[in-house]
Amino acid sequence: AVEYYFDFNNGNGYKHRVAKDGMGFSGRLAFQPVPGLYLSGLFDSNTPGGDKTEANTYFEGLAGYDAGAFELYGQYGMFTDGNDGDMKSSGISVFGRAAIKDGVHVTGRFDMIDPDTDTDKDGYNWILVGLDLEALENFFVQPSFRITSYEADGVDGESEFVLTFYGKI
């Protein structure tokens with residue numbers, strides 16, 4: 001199966017006519033070459049107010065495998081800002097979940113974030129481990145433990161218990 005979308009926009013809202021300045025473009029392509037394997041790419045670019053020095057782009061790639069009782073995904077994103085096209089921020093994420101029994105999954109996630117690629121030692125990592133429990137039909141509780149570590153020298157990491165609630169409509 002192949003899924004896609006493309007759009008062109010002016011970023012000025014519905015009350016303004018489309019103008020050449022500030023035009024944006026966005027697109028996504030996702031496909032499943034074999035059952036269970038997912039590949040996806042997203043690209044977004046815009047020039048706020050038509051000022052090329054403020055132009056920015058975002059790219060994201062995702063690959064994943066869903067075997068029913070087990071899922072594993074990897075994702076990469078990068079943001080560029082300004083006319084020079086230099087990368088300004090990037091992130092990598094690997095996440096998965098496995099069924100323990102019906103309505104109970106163990107989950108894990110690792111994120112490596114660099115919010116400003118021009119600045120040394122400003123990045124951080126997250127490690128999250130937890131459970132995903134279907135408390136009621138389409139209502140989930142996700143207790144988890146998250147560890148955050150920082151690249152900067154002398155900055156202590158953090159550990160915290162996180163309780164998330166979410167539902168499906």
Side-chain angles (χ1 to χ4, degrees), residues 1-14 18-20 22-48 52 54-117 123-144 146 148 162 164-169:
V2 174
E3 297 176 11
Y4 61 91
Y5 84 83
F6 299 99
D7 71 30
F8 293 93
N9 56 73
N10 69 342
N12 293 323
Y14 70 94
V18 175
K20 290 182 182 176
M23 293 293 288
F25 167 79
S26 181
R28 178 179 175 265
L29 178 64
F31 60 100
Q32 189 177 3
V34 295
L37 179 63
Y38 297 92
L39 301 172
S40 173
L42 177 135
F43 178 79
D44 181 80
S45 177
N46 66 58
T47 309
K52 291 189 185 226
E54 296 296 321
N56 57 62
T57 59
Y58 178 74
F59 169 78
E60 178 179 288
L62 178 125
Y65 187 74
D66 183 347
F70 176 76
E71 301 170 57
L72 182 65
Y73 293 89
Q75 184 176 15
Y76 173 76
M78 65 180 239
F79 176 77
T80 60
D81 190 18
N83 200 29
D84 58 10
D86 287 343
M87 183 175 15
K88 298 300 179 190
S89 62
S90 66
I92 296 172
S93 184
V94 177
F95 46 100
R97 74 183 216 155
I100 297 173
K101 65 179 198 169
D102 193 35
V104 179
H105 294 81
V106 62
T107 63
R109 181 176 181 125
F110 171 75
D111 291 345
M112 185 169 59
I113 309 295
D114 187 350
D116 183 355
T117 57
Y124 57 92
N125 299 323
W126 276 355
I127 297 174
L128 182 130
V129 177
L131 295 173
D132 194 5
L133 311 168
E134 187 168 13
L136 301 169
E137 186 176 351
N138 295 322
F139 180 77
F140 299 83
V141 178
Q142 193 175 56
S144 55
R146 181 171 61 199
T148 306
V162 179
T164 305
F165 300 91
Y166 68 96
K168 293 182 180 178
I169 298 175

A.B. asks: Measure centre to centre between the rings of Tyr166 and Phe140, then say whether the value is under 6.0 Å.
C.D. replies: yes
A.B. asks: If you compare all heavy atoms of Gly91 against all heavy atoms of Ile113, which two are closest, and at what distance to 0.1 Å?
C.D. replies: CA-CD1, 4.2 Å
A.B. asks: For the atom pair CD (Glu71) and CZ (Arg97), what is the distance rounded to the nearest 0.5 Å?
C.D. replies: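 The CD atom of Glu71 sits 5.0 Å away from the CZ atom of Arg97.
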A.B. asks: Closer than 4.0 angstrom, basic N to acidic O: yes or no for Arg28 and Glu3?
C.D. replies: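 Yes, Arg28 and Glu3 are salt-bridged.
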A.B. asks: Is the shortest side-chain heavy-atom distance between Val94 and Leu72 below 4.5 Å?
C.D. replies: yes
A.B. asks: Could you tell me whether Tyr73 and Phe95 have their ring centroids closer than 6.0 angstrom?
C.D. replies: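 Centroid distance Tyr73-Phe95: below 6.0 Å, so yes.
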A.B. asks: Within the supplied structure, the quantity of interest is the number of heavy atoms (other residues, nucleotides, ligands) at a distance under 6.0 Å from Asn138 CG; does it exceed 12?
C.D. replies: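 Yes, because the 6.0 Å sphere around CG of Asn138 holds more than 12 heavy atoms from other groups.
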A.B. asks: Students often mix this up, so state it plainly: with edges at 30° and 60°, are the rings of Phe165 and Phe139 parallel, tilted or perpendicular?
C.D. replies: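 Rings of Phe165 and Phe139: parallel, as their planes differ by under 30°.
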A.B. asks: Under the side chain to side chain contact (heavy atoms under 4.5 Å, CB included) test against Gln142, which residue among Leu128, Val162, Thr107 passes?
C.D. replies: Thr107
A.B. asks: Measuring from atom OG1 of Thr148 to atom CZ of Arg146, what distance do you get when rounded to the nearest 0.5 angstrom?
C.D. replies: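 Result: 5.5 Å between the selected atoms.
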A.B. asks: Hey, could you give me the CG/OH distance between Asp66 and Tyr38, rounded to the nearest 0.5 Å?
C.D. replies: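 Answer rounded to 0.5 Å: 5.0 Å.
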A.B. asks: Drop me the distance from Glu60's CD to Asp44's CG, to the nearest 0.5 angstrom.
C.D. replies: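 Here the interatomic distance stands at 10.5 Å.
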A.B. asks: Could you verify whether a donor N or O on one side chain and an acceptor N or O on the other, from Ser93 and Asp111, lie under 3.5 Å apart?
C.D. replies: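 On atom types as modelled, these side chains qualify, holding a pair under 3.5 Å.
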A.B. asks: Of the non-hydrogen atoms in Leu37 and Gln32, which two are nearest, and what is the gap between them?
C.D. replies: O-CG, 3.1 Å
A.B. asks: Do Val141 and Asp132 come within less than 4.5 Å of each other through their side chains, counting heavy atoms only?
C.D. replies: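 Sidechains of Asp132 and Val141: no contact.
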A.B. asks: Does the side chain of Tyr5 pick up a donor-acceptor pair with the side chain of Ser26 at under 3.5 Å?
C.D. replies: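 Ser26 and Tyr5 do have a side-chain donor-acceptor pair below 3.5 Å.
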A.B. asks: Of all heavy-atom pairs between Phe70 and Ala98, which one has the smallest distance, and what is that distance?
C.D. replies: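 Closest pair (atom of Phe70, atom of Ala98, distance): CD1-CB, 3.9 Å.
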A.B. asks: Between Phe59 and Tyr76, what is the ring plane arrangement, given parallel below 30°, perpendicular above 60°, and tilted in between?
C.D. replies: tilted
A.B. asks: How close do Pro115 and Gly123 get, heavy atom to heavy atom, and via which atoms?
C.D. replies: CD-CA, 3.9 Å
A.B. asks: Taking the side chain as everything from C-beta on, heavy atoms only, tell me whether Thr117 gets closer than 4.5 Å to Ser90.
C.D. replies: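 Yes, at least one pair of side-chain atoms sits under 4.5 Å.
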A.B. asks: With a cut-off of under 6.0 Å to the ring centre and 45° to the axis, is Arg109 in cation-pi contact with Trp126?
C.D. replies: no
A.B. asks: So, taking the atom named CZ in Phe79 and the one named CG in Asp116, what distance separates them when rounded to the nearest 0.5 Å?
C.D. replies: 11.0 Å
A.B. asks: With rounding to the nearest 0.5 angstrom, report the OG1 to NZ distance, Thr80 to Lys88.
C.D. replies: 9.0 Å
A.B. asks: I'd like to check Leu39 versus Pro33 (side-chain heavy atoms, cut-off strictly below 4.5 Å). Are they in contact?
C.D. replies: yes
A.B. asks: Minimum heavy-atom separation for Gly27 to Phe25, with atom names?
C.D. replies: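 What the structure gives for the nearest pair is N-CE2, 4.2 Å.
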